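Working notes, beginning with the structure itself.
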Amino acid sequence: MAEKLLGSAIRRREDPALITGRAKYTDDLKLPNMAYVAILRSPYAHARITRLDTSKAKALDGVVAVFTAEDVAQSGIPGQVPVGWLLPDMKIPTRPLLAQDRVRYVGEAVAVVVAEDRYTAHDALELIEVEYEPLSAVANPAKAVEEGAPLVHDDAPNNIAFDWEIGDKEATDQAFANAAHTVSLNLVNNRLIPNAVEPRAALADYDPVSGRLTLWMTTQNPHIHRLLMSLASLGLPEHKIRVIAPEVGGGFGSKIHHYPDEAIVSWCAMQLGRPVKWQATRAETYLTDAHGRDHVTTAEMAVDENGKITGLRVHTYANMGAYYSTFAPAVPTYLYGTLLSGEYEIPNIYCRVVGVFTHTTPVDAYRGAGRPEATFVVERLVDLMARKLGMDPAEFRRKNFIPPDKFPYQTPVALQYDSGDYEKPLNKALELVGYEQLRREQEEARKEGRYIGIGLSTYIEACGLAPSSVVGSLGAQAGQWESAIVRVHPTGKVTVYSGSSGHGQGHKTTFAQIVADILGVPYDDIEIIQGDTDEVQYGWGTYGSRSAAVGGSAIAVSAQKVVEKGRKIAAHLLEAAEDDVAFEAGKYYVKGAPDKAVTIQDVALQAYLAHNLPPGIEPALEAAAFYDPSNFTFPFGTHVAVVEVNPESGEVNLLRYVAVDDCGHVINPLIVEGQVHGGIAQGVGQALYEHAVYDEEGNLITGTLMDYAVPKARFLPSFELDRTVTPCPHNPLGVKGIGEAGTIAASAAVVNAVVDALAPFGVEHIDMPVTPEKVWRAIQGAGN
Amino acid sequence: MHISLTVNGQPYTVDVEPRMLLVHVLRDVLDLTGTNVGCDTSQCGACTVIMDGRAVKSCTVLAVQADGSEILTIEGLAKDGELHPLQEAFWNNHGLQCGYCTPGMIMTAYYLLQTNPNPSEEEIRHGLEGNICRCTGYHNIVRAVQEAAQRM
C-alpha cells in the first residue's frame with residue numbers, strides 16, 4: 001500500500017541529475033553540423049542607423065552568414081514580436097526582430113552572425129560596420145511624459161503607452177476630503193534585472209524537407225513561444241514547430257517572454273538548413289532580458305477619527321521600456337492596481353497608472369510582477385499612518401484587517417478574495433520574532449546609540465493565474481487554464497503529461513506526489529513529462545505561482561477521472577454495481593467485502609487487453625483534464641524583518657527574517673520552504689542591493705554582476721519560517737501557490753524595518769535600494 | 001597548440017587556440033557539460049572547478065594555463081556510483097532548485113571543506129561568496145555544507 005505523500009518532505013527526484021552534472025541545459029546540447037550565433041546589439045539608446053556594412057564580417061574565415069533586418073524582410077516572414085495583453089486605447093508600436101533604421105534601447109538587436117564556432121561568431125561582430133546618428137534619449141518614466149521629451153515612437157505622443165485607472169475616483173476623493181488624517185508618499189520602485197543564473201539560450205534545427213522546426217530554448221512556457229513564433233515571428237504553421245524546454249536554469253519571469261533573439265536564431269536555422277545555437281552572455285542578459293518594476297508613484301492614505309482606513313489614492317508612472325514585452329501591460333495594471341486593498345478593509349480606492357515608453361530595455365513580469373509593487377505601496381503607507389497616529393504598526397494592521405467572517409470579500413478594485421485569516425500569521429510571526437521583547441530591546445539599544453528596526457509586511461497576493469474568461473475580459477491574449485493527461489500503462493506504471501513547465505520548482509517531485517496519492521500507485525511508478533510541445537497537449541506554462549494551483553489541479557482532476565473510469569471496469573470485473581465499489585490506496589473493492597478486490601494495476605491491464613470491458617467503455621486507462629480555475633488564489637502572510645542601522649556609515653545589517661505564510665495545503669514542505677527562502681532573497685535584494693540604473697543618455701550603467709548587486713550568501717541571514725493553513729476553497733488540492741510570496745512580502749518588510757530604526761531621526765521613507773549613502777543622507781536630511 | 005591535462009583522473013591531450021578558456025575545453029571539447037557558464041566577469045562562480053587542489057573559475061583560466069594540471073569537475077565527484085557527501089547533502093537539504101549554479105557551488109564547497117573541515121555558518125557564507133545562487137536564498141546551501149562537513 002502506498003504511503004500518503006501529499007504533505008511529505010521527500011527530497012526531489014530532479015536532483016540526482018543536477019548534482020552530478022548530467023542534467024542538460026540548452027547550451028549543453030550539440031547537434032551534427034551545428035553552427036553558432038552571435039548577435040550585434042545597439043550601443044546607443046536612441047539613434048538612426050545611417051550605414052550598415054557586413055562585408056568584412058562575412059569575409060572572416062569561419063563565418064557562415066551575416067544577416068540584417070533587410071534579409072529578414074526579404075525572406076517574407078511576419079517578423080514581429082507581438083504584445084500579448086491589450087488595454088483600452090493603448091498605443092501599440094511595431095517591434096521588429098532586428099532593428100530597421102532606428103534603435104530604441106541599448107541592446108536592441110541590429111545584426112546576426114552565424115559562424116562555425118562561438119569565438120569566430122563573436123569576432124565577426126566586431127567586423128560589422130554600423131554608423132549611428134545618435135538621437136536624444138530618455139530613460140526615466142516621469143521625465144519621458146514631460147513636454148518636449150524625446151519620443152520613443154513617433155505615434156505615441158508624450159511617450160504615453162496607456163492611461164489606465166481602476167476604482168472610484170469621486171468616492172475616493174470624497175473620502176480624502178472627509179478624512180481625519182492623511183499621509184502621502186512619493187516613491188520610486190526600483191528597476192530590477194531578473195538574473196536567472198542560466199542566461200537565455202536557443203538551439204534551432206530546421207528540416208527543409210518536412211518543413212519542421214525544432215527549437216530547444218530557455219523557456220517557462222514552450223507552448224506560448226510556439227504560438228507566437230508561428231503567428232507573429234516566423235509564419236511557420238504551428239504544427240510544424242516543436243519547442244522543447246530542456247533543463248532550464250531559473251527564470252523568475254524572464255523566460256516567459258517572447259524575445260526577438262530566439263526568433264532570429266530560428267530564422268537563421270531556416271535560412272541555412274543547419275542547426276544553430278545561441279547562448280547569451282551575461283552582458284546580453286542584462287541588456288535584453290525584460291527588466292522588472294520601475295515605477296514612479298505618489299500614494300496617499302486616509303483614515304477616519306477611529307483610525308480606520310477610509311481611502312487609498314495612487315498615481316503611478318510605469319516604465320514599459322522601448323517596446324512592450326509580452327505581458328508587460330498587465331503587470332502595472334491588473335497585477336498591481338487590483339492588489340492595492342492588501343489585507344485591509346478599504347472602502348474607497350482609486351488608482352491611475354500611466355504606462356510610459358522610454359529608451360530602455362522592455363520591462364515585464366519579474367517574480368511577483370505588480371504585486372510586490374502594490375504591497376510596497378500599501379505596507380509603507382500603513383506604517384506611515386500608524387506612526388502618524390502614534391499606534392503600534394501591528395496594532396494598526398489588526399484594526400484594519402478584513403475580519404475572517406467577511407469572506408468572500410469584494411474589494412473596491414475588482415478582486416474577490418475567497419478566503420483569509422490574517423491575524424493568525426500575524427500573531428504567529430510576532431510570537432516567533434518575540435515582538436514585545438524586541439520592542440524593549442529596541443528601546444534599550446537606542447539609549448546606547450544603536451538603531452534597531454522592526455519591519456512588518458502583512459501581504460496578500462493574487463496568484464494561481466487565472467480564470468481564462470476573467471483575464472480575457474481584462475485584455476489577455478492568452479488563456480490561463482492548464483492541461484494534464486494521466487496515462488496508466490498496461491503494467492500499471494503511469495506517465496503524466498503536464499502543461500506546466502518547471503525550471504527549478506520541483507514539479508516532477510510534487511506532481512508525482514499528487515498522482516501517487518490519488519491513484520494509490522507507488523511514487524516511483526510515476527513519470528512526469530513537461531516542457532515539450534510535441535509531448536504535451538497544451539500548456540500555458542509556469543509563472544504567477546500557478547503550477548500547483550492550476551497545473552497541479554489539472555493533474556488531480558485527470559487522475560480522479562482515471563480512478564472513475566477504473567471503477568467502472570473494476571465493478572464489471574468484480575460483478576458488482578459501480579456504486580458498491582470503493583477505491584482506496586490503489587485498490588478497488590466491494591464495499592463490505594474488502595477481499596473482493598482488484599488493484600488499479602489489474603484494472604489497467606484489463607483496460608488495455610479489452611477482452612472483457614463493460615458495455616460503452618473504451619479500451620485503455622487514461623484521462624485528460626483542461627482545468628480552468630474559477631478564481632485566483634489568495635496566499636497571505638506576515639513577514640518581519642529585524643535590522644540594525646549604523647547611523648555613522650549608513651550600513652544596514654539584516655539581523656533576522658521571520659516569515660509566516662499561508663499557501664493553503666502544502667504538497668511538499670521542503671519545496672515550499674525553498675520557494676519562500678528564494679523569494680525572500682530576491683525581495684531583500686530589491687530592498688537593499690539591486691538597482692538597474694540608467695544614465696541620462698539611456699546607458700545601462702549597472703550592466704554586469706560587478707555593478708548590479710545580486711545578493712551573495714554573506715548578505716543574508718538564515719530565515720525563520722512557519723506556516724498557517726487556510727486551504728483554497730475552489731481547487732481540488734486546496735493549494736494556493738508559494739513561488740512569489742517571499743518576494744512580494746520582503747521588500748516592504750525590510751524598508752519598514754530600516755525606517756523604523758531611523759524613527760528617532762524623523763526619517764519617514766527611503767527609496768530602494770536602501771544603500772548606506774541613502775541612509776546617511778536621509779539621516780542628515782532629517783535634520784538631526 | 002597542444003596541451004595535456006588530467007580531468008577526473010582521465011588524461012587528455014587537446015588542440016586549443018591560445019585564447020580558449022578552460023571552461024570551453026571542458027564543455028565543448030571534452031563534452032563535460034556539467035560545469036556551467038553564468039557570466040562573463042568571474043562573479044557568478046557557476047564554472048568553478050578544482051585545478052591542482054584549488055577552486056578556480058574555469059571561465060577565467062586559459063586552457064593553456066591548465067597545461068599539465070589536474071582538474072576535478074562535478075562529473076568526477078561521485079566515486080564508484082556513490083555520491084560524494086556534498087552531493088548527498090545538497091540533495092537531502094534541498095540545496096538546489098534550478099541546479100545551474102549547483103556544480104560550481106558544490107566544487108567551491110568542496111574546496112572550502114578541504115581547507116576548513118568544520119566551518120561555522122559565518123565561514124560557510126564567506127567561503128561561498130564567489131558563487132551566486134538566485135533560487136535558494138542560500139539558506140539550504142548553508143545547511144547542506146554543514147551536513148556534509150559532519151559526514152566527511
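Naming convention: chains lettered A, B, ... in sequence-line order (proteins, then strands); numbering from 1 in each chain. Keep in mind it's a predicted model, so treat the numbers as computed, not measured.
- With a threshold of 4.5 angstrom between heavy atoms, A:Q505 does not approach chain B through any atom at all.
- Of the atoms belonging to A:I680, not a single heavy atom falls under 4.5 Å from chain B.
- Contacts of A:I671 with chain B are made by both backbone and side-chain atoms, with heavy-atom separations under 4.5 Å.
- For chain A, the option among B:M20, B:H84, B:H24 with the highest count of heavy-atom pairs below 4.5 Å is B:H24.
- There is no contact between B:N131 and chain A, counting heavy-atom distances below 4.5 Å.
- For a residue to count as touching a neighbouring chain, one of its non-hydrogen atoms must lie under 4.5 Å from one of that chain's; by this rule B:Y100 touches chain A with backbone and side chain alike.
- A:R118 has a carboxylate O that lies under 4.0 Å from a charged side-chain N of A:D27, or vice versa, which qualifies the two as a salt bridge.
- Between A:E673 and the choices A:V666, A:I738, A:L721, the side-chain contact (heavy atoms from CB on, under 4.5 Å) rule is met once, by A:L721.
- With a 4.5 angstrom heavy-atom cutoff, B:T102 touches chain A only via side-chain atoms.
- Proximity to chain A (any heavy atom under 4.5 Å) is restricted, for B:N36, to the side chain, taken from C-beta onward.
- The residue among A:P194, A:G502, A:A280, A:G506 with the most heavy atom pairs within less than 4.5 Å of chain B is A:P194.
- Remark: A:R22 CZ is loosely packed, at most 12 non-hydrogen atoms of other residues, nucleotides or ligands lying under 6.0 Å away.
- Side-chain N or O atoms of B:Y12 include none that pairs as donor or acceptor with a backbone N or O of B:V7 at under 3.5 Å.
- Evaluated for a side-chain contact (heavy atoms from CB on, under 4.5 Å) with B:N8, the options B:L32, B:L77, B:I71 yield exactly one hit, B:L32.
- Contact count versus chain A (heavy atoms, under 4.5 Å) is highest, among B:R134, B:E121, B:Q43, for B:R134.
- Heavy-atom contacts from other residues, nucleotides or ligands closer than 6.0 Å to NZ of A:K712 number more than 12.
- Comparing B:H126, B:R27, B:E75 by how many heavy-atom pairs each has under 4.5 Å with chain A, the most go to B:R27.
- A:E116 places no side-chain N or O within 3.5 Å of a backbone atom of A:A35 that could act as its donor or acceptor partner.
- Ranked by heavy-atom pairs under 4.5 Å with chain B, the first of A:G21, A:G251, A:A681 is A:G21.
- The residue among A:G742, A:P717, A:G679 with the most heavy atom pairs within less than 4.5 Å of chain B is A:P717.
- Contact tally against chain B (heavy-atom pairs below 4.5 Å) for A:A23, A:P16, A:G250: the top residue is A:P16.
- Note on A:G249, A:A196, A:G504: by heavy-atom pairs under 4.5 Å with chain B, the leading option is A:G504.
- The contact between B:R19 and chain A is made by backbone and side chain atoms together, counting heavy-atom distances below 4.5 Å.
- At a 4.5 Å heavy-atom cutoff, the contact between A:Y119 and chain B is made by backbone and side-chain atoms alike.
- Heavy-atom distances place the backbone of A:V248, and not its side chain, under 4.5 Å from chain B.
- A donor-acceptor distance shorter than 3.5 angstrom exists from the side chain of B:Y138 to the backbone of A:P711, with no hydrogens or angles considered.
- Here A:Y366 and A:H291 keep their ring centres 6.0 angstrom or further from each other.
- Considering only heavy-atom pairs separated by less than 4.5 Å from chain A, the leading option among B:G34, B:C135, B:C44, B:A78 is B:C135.
- There is no contact between A:Y286 and chain B, counting heavy-atom distances below 4.5 Å.
- With a 4.5 angstrom heavy-atom cutoff, B:L83 touches chain A only via side-chain atoms.
- When A:E247, A:H677, A:Q279 are compared by the number of non-hydrogen pairs under 4.5 Å with chain B, A:H677 comes out ahead.
- Under a 3.5 Å cut-off, the side chain of A:E284 and the backbone N or O of A:T281 do form a donor-acceptor pair.
- Proximity of a side-chain donor or acceptor of A:D15 to a complementary backbone N or O of B:L96 within less than 3.5 Å is not detected.
- Side chain of A:R282 to backbone of B:T41: no donor-acceptor contact under 3.5 angstrom is found.
- A:K277 places a side-chain N or O within 3.5 Å of a backbone atom of A:L29 that can act as its donor or acceptor partner.
- Remark: A:K30 engages B:D31 in a salt bridge, criterion side-chain N to carboxylate O under 4.0 Å.
- Of the atoms belonging to A:T20, heavy atoms from both backbone and side chain fall under 4.5 Å from chain B.
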